[in-house]
Amino acid sequence: MQKVPAHLGDGEFRTIMVEESGIVNYLKPTATELNNTSNLDLSYYLSATGWHLTHSQDMIDDDRESSAAVGRIPGQEKYSDGSMDLIDNVNTPDAINFNKAVDTLTRGKRCWIVRRRGKAVSAPFAAGDVISIYLATIGIKIPVAHSANSRQMSTINFSVDPISLEESVTVVDAVSSTGR
């Protein structure tokens with residue numbers, strides 16, 4: 001039997017928000033664009049299980065006159081049920097300095113949400129990193145109901161544009177002289 005290494009995922013995810021105009025070509029985002037100091041690192045606000053997005057694909061019946069069996073072929077892809085569970089310091093002494101995620105992700109905002117796994121959250125994005133890139137429209141904020149011994153959290157809903165790509169985009173070093 002072949003031994004296949006497995007790696008712990010805890011602390012190995014990074015999620016950032018980039019302004020819609022902050023990425024020139026989403027198929028070839030640059031390390032410079034993703035490491036821009038104006039981007040918002042959501043990783044420190046997201047709970048460990050706080051990222052929710054369903055990416056699915058319909059299957060289409062492929063029935064043929066010549067066959068008694070019905071096959072299936074891949075159909076449309078869908079992104080649904082997008083939400084993020086974030087620390088929300090509203091009305092606390094930390095609201096001014098430590099509530100950027102909830103304050104920035106407001107209803108109607110369009111932005112890129114970029115996710116990387118397999119490297120420490122503190123590692124900058126680098127050429128060769130494989131990422132997921134979602135063009136998101138932010139929906140409503142829903143305060144999470146309080147329970148004993150819990151953090152103050154809110155859920156931010158979002159929708160994802162169909163051009164989004166899940167773990168299939170590679171970060172590039174820089175823009176070439178031909179524009180990419």
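Treat the numbers as computed from the prediction; the structure is a model and nothing was measured.
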Taking the side chain as every heavy atom from C-beta outward, state whether [X] and [Y] have any atom pair closer than 4.5 Å.
X	Y	answer
Tyr45	Met84	no
Leu86	Leu46	yes
Asp103	Phe98	no
Ile138	Thr106	no
Leu53	Asp81	no
Met17	Lys109	yes
Val144	Ile142	no

**Q.** Ile163, CD1 atom: more than 12 neighbouring heavy atoms under 6.0 Å
**A.**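 Correct, the count exceeds 12.
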(Q) Is it true that, when you exclude Gln57 itself, more than 12 heavy atoms of the residues, nucleotides or ligands shown sit nearer than 6.0 Å to its CD? (A) yes
(Q) As a quick check of understanding, evaluate side-chain hydrogen bond (donor to acceptor under 3.5 Å, both in side chains) for Asp94 and Thr92, giving each step before the final call. (A) CA-CA 5 Å; Asp94 291 319; Thr92 71; 4.8 Å; no
Q | Sequence-distant partners of Asp61, side-chain hydrogen bond (donor to acceptor under 3.5 Å, both in side chains), two or more places apart | A |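 If we apply the side-chain hydrogen bond (donor to acceptor under 3.5 Å, both in side chains) test to Asp61, skipping adjacent residues, the hits are Arg72.
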Q) Relative to each other, are the rings of Tyr79 and Tyr134 parallel, tilted or perpendicular (30° and 60° limits)? A) perpendicular
With a 3.5 Å distance limit and no angle check, can you tell me whether [X] reaches the backbone of [Y] through a side-chain donor-acceptor pair?
X	Y	result
Asp129	Ala126	yes
Thr104	Lys100	yes
Ser164	Asp161	yes
Arg116	Ser132	no

Q) Is Leu34 reachable from Leu42 through a run of I, L, V, M, F, W or Y residues, each pair having side-chain heavy atoms under 4.5 Å apart? A)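 Not linked; separate clusters.
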Q. If we ignore angles and hydrogens, is there a donor and acceptor under 3.5 Å between the side chains of Thr15 and Arg115?
A. yes
Q.
Under a plain distance cut-off of 3.5 Å, with no hydrogens placed, do Asn157 and Ser83 share a side-chain donor-acceptor pair?
A.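 Not at all, the side chains of Ser83 and Asn157 share no donor-acceptor pair under 3.5 Å.
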**Q.** Derivation of the side chain to side chain contact (heavy atoms under 4.5 Å, CB included) call for Ile87 and Gln152
**A.** CA-CA 6 Å; Ile87 292 173; Gln152 186 168 294; over 6 Å; no
Ion pair present between [X] and [Y], side-chain N to carboxylate O less than 4.0 angstrom?
X	Y	answer
Glu33	Lys28	no
Arg117	Glu12	no
Asp88	Arg151	no

Q. Closest heavy-atom contact between Ser168 and Val130?
A.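 Looking at all heavy atoms of both residues, the shortest contact is N-CG1, 4.3 Å.
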Q: Decide side chain to side chain contact (heavy atoms under 4.5 Å, CB included) for Ile23 and Ile133; before the verdict, give the C-alpha distance in whole Å, the side-chain angles of both, and the deciding distance to 0.1 Å.
A: CA-CA 10 Å; Ile23 295 175; Ile133 187 164; 3.7 Å; yes
Q | Candidate pair Trp112 and Phe158, rule ring pair (Phe, Tyr, Trp, His ring centres under 6.0 Å), full reasoning | A | CA-CA 11 Å; Trp112 295 102; Phe158 64 94; over 10 Å; no
Q | Met153 and Ser47: CA distance, side-chain angles, deciding distance, side chain to side chain contact (heavy atoms under 4.5 Å, CB included) verdict | A | CA-CA 9 Å; Met153 307 282 292; Ser47 69; 3.7 Å; yes
Q.
With side chain to side chain contact (heavy atoms under 4.5 Å, CB included) as the criterion, how do Thr155 and Lys141 come out once you've worked through the C-alpha distance, each side chain's angles and the decisive distance to 0.1 Å?
A. CA-CA 6 Å; Thr155 298; Lys141 168 186 150 179; over 6 Å; no
Q | Asn39 side, atom CG; Ile16 side, atom CD1 - distance, nearest 0.5 Å | A | 4.5 Å
